[in-house]
Each structure stands twice: as C-alpha cells, then as structure tokens.
Amino acid sequence: MKTKRIITLILSLISWVIIYHYLKPISDFIVDDVFKMKAETHLTESVRFFIFEVPKVLLLLVLIIFLVGIVRSYFSAEKTRKALEGKPLFVGNIMASLLGIVTPFCSCSAIPLFLGFVEAGIPVGVTFSFLIAAPMINEVALVMLVGLFGWKVALIYVATGLIVAISAGYILEKLKLQKYVADWVFTVKSQQNGLELPQLTFNDRIIAGLTSVKEIVGKIWIYVLAGIAIGAGAHGYVPDDFLARVLGADNWYSVLLAIVVGVPLYSNAAGIIPIVSVLIEKGVSLGTALAFMMSVIGLSLPEIIILKKVLKWQLIAVFVGVVATGIIIVGYVFNYWVFAV
Amino acid sequence: MEIKVLGTGCKKCKTLEAVTKQAVEELQLDAVVEKVEDIQQIMSYGIMQTPGLVVDGKVVLSGQLPDITLMKGILTQQQSK
C-alpha cells in the first residue's frame, strides 16, 4: 500500500512536469488545428488565453496546495498560540504575521481563534496581525500570482502583505482599543487539558497534502474558471491601454478608487487574480492593482460580520480604517517609486 | 456514548455533524449526537478551530473534517476505551 502510493506520487509528478512543459504547444494545437480558428481575431485570442491559462493555473494549484498541505501539517493554531505567548509587542506582530501564512486557517474559525489567543494573554494587536495576514497571504494567492505574473510580483505581494499586517497590528495595539473588545471575551475560561495532538508519520502528512488538494481545489476550481473566463474575454476584446487613463499611475485617485470598489467585493484569490492580471495588461498600474487585490482578499464583509460577535463597532471601524490605510500606502508607493517592475 | 459536534454553523460543521450521525448509525452505536453552537460553550473545550468533535467529554478532533472511514475508526477507538 505504502510503496504503491509512493510510485503513484512519483508518476504523477513526472506527468505533471511533462504536461506543464508542453502546455503552450498543446493549447495552440487545440485552438489552431482542432478548432481550426482563424488566427489573430478577438475570439481566437480569448479562447487561446482560456485554454492555456485554465490548465496552467489548475496544475500549479494542485502541486503547490499539495506541498503547502504537507508543510501545514507541521503547524496548528495551538502551536502558533504557544509560540506567540509572552512575546513582546513588535516581535510578536512579526511572528504572528509570518505564522499567519503557514498556519491552517479558515475564516469561519476566526472567532475561536481570536478568543483562544486573547485567553492565552496574547495582545489584541498581535492577534490582529495574524488575522490580517492569514487570509490575505495564502497559498492560493501565491500560486495565482506566480502563475500569472511571475515570481517578482508574487514576492512583492507577500512582502507588502506582511508589512500591512505587521504595522496594522502594531498600531491597533498602540491605540489601546482593548475596551472595544466585547466584554465576555475576557471571561472565557477553557479546560486546560484541551486537545492532545496525535503524532503524525510522514505518510500521514502526505495524506494531509492530498486531502487539502481535494478540499481546496474542489472548492475553488469554479472561481478559477470564472475568473479566467472574464479575464479571457477582456484579454481578447478590451483594447490595450483602455484602462490606463482611469486607473493608470498618473491618476492620483486610482488607488482610492480601487479600494472603494475592492472592500465590498468579496472573492477569493482564485477568482480575483486572473481579472487583476488582465487589468494590468490593459494599463492599470501595479500599485493600483495590488491595492485592489489586497482589499478584495484581505478586507471582506463576511469576515467583518463574523468578527462583529467579539468586537464592538468602534474597533471594527478602526481595524478596517488602519488596514485600508496600509493598503493605500502600499498602492501609492508602488505607483510612484517602484513602477518599473 | 455522548458525542458533541462543536461548530458555530459553518458548512464544515454541518458536514461533520452529518458524517458523525452516519458513522453512529452504521456502527450501530448507542450514542447521542448533540450539536453545540454557543461560542462560549465551544471555547470551554479549549479548541481554536471549528468544527470540533467531543466524545465523552474529550476533544478528539479540531478544525478537521474526516471522511466516513476515519470517523468510524475514531468512534470505534473511543468506544473500546
């Protein structure tokens, strides 16, 4: 059973590499020879974009989510909490943001996690760093960014996301807003015995990787398809530089506009990034696009509504304000100083 | 056997409840499955990720969604204790 699984894994990996390597000729063959579409028309280019990008992004997703699933099996909310206990403020914010990337997290667990952290005496600001970084910087966002923009933009996204999470958490703590956390939060007492985590073998971790592929890809493939379909349509039909006038770097209000539109929108990384990639292709500047992406993925109404149970509205308002300000600064910095990436 | 499914009502929590009930039925266990939705009560078990599964007062799962085979394994193991 074990050897069989290893052989299957190795064979899958080899076929993954081969398919990924020949994706371009295969998709061209389908468009030009199977569909016999006329070259260089709007429709042909849209279809070509779709047929090439969908398998590419799905292949990347499967591989990375599998690997991240294995890595994540070494982390848990319990271990993260232990690591953060008693850490001084600034160091705690940095660690919380970094751990936010690798700790398994689902926004439906935001409340128990918040309570668990606060109960362990972890400062509210450090907890916020975690809660900002965890949804904003995740493996799906990373894969989509690498697949559609390359490593540079993906790294920039991770770095700026970390900066926003660290500084927003730090500022929130300095503002002394503890009194705006719902009162009952501080009275929660849990049994100290809690949960004993079982020791995992490497085989268990591989299964954990496969399970997360099934779970995550099963949930987001439809967003990937929809996002790339919208992207493909715009790729073929929207004239180049059409958006440059409104959302280019020269327009001072483009970043603000991107955030005003982005915050109420709720999508996961899988759906929004193909659209963002086409926005950039059509002339939207990188800073504006980054700001848009972060406000859609990082600040979402559903999560805010969940947090409403433990936070009073004043704190929620400050939380959204601080994170949004961070995103705005990132947007302007990229538009004006590092435009040529 | 006293089984509690801890969850505030997300999709995973509902699935866990269904899987638990299915396992209890298939194993023909003499067990009561109860859903706990109150957050303060959930927190009293010391878990930070929902859904959670509690068997006879002991947390056996947190933040995880097992398939039916694994769930049966967990319940059988807990029963023999």
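No experiment lies behind these values; they were computed from the predicted model shown. Worth knowing before you read on, the calculation uses all heavy atoms, side chains too, and leaves out hydrogens, waters and symmetry mates. Letters go in sequence order (proteins before strands), and every chain restarts at 1.
At most 12 non-hydrogen atoms from other residues, nucleotides or ligands lie less than 6.0 angstrom from CG of B:Asp30. Other residues, nucleotides and ligands contribute over 12 non-hydrogen atoms within 6.0 Å of the CD atom of A:Glu85. Within 6.0 Å of atom NZ in A:Lys312, more than 12 heavy atoms from other residues, nucleotides or ligands are found, so the atom counts as buried in its surroundings. The number of heavy atoms from other shown groups lying within 6.0 Å of NZ (A:Lys214) does not exceed 12.
Residues A:Pro112 and B:Gln49 fail the side-chain proximity criterion, which asks for heavy atoms closer than 4.5 Å. Counting heavy atoms from C-beta on, the side chains of B:Ile39 and A:Leu115 come closer than 4.5 Å.
Contacts of A:Phe117 with chain B are made by both backbone and side-chain atoms, with heavy-atom separations under 4.5 Å.
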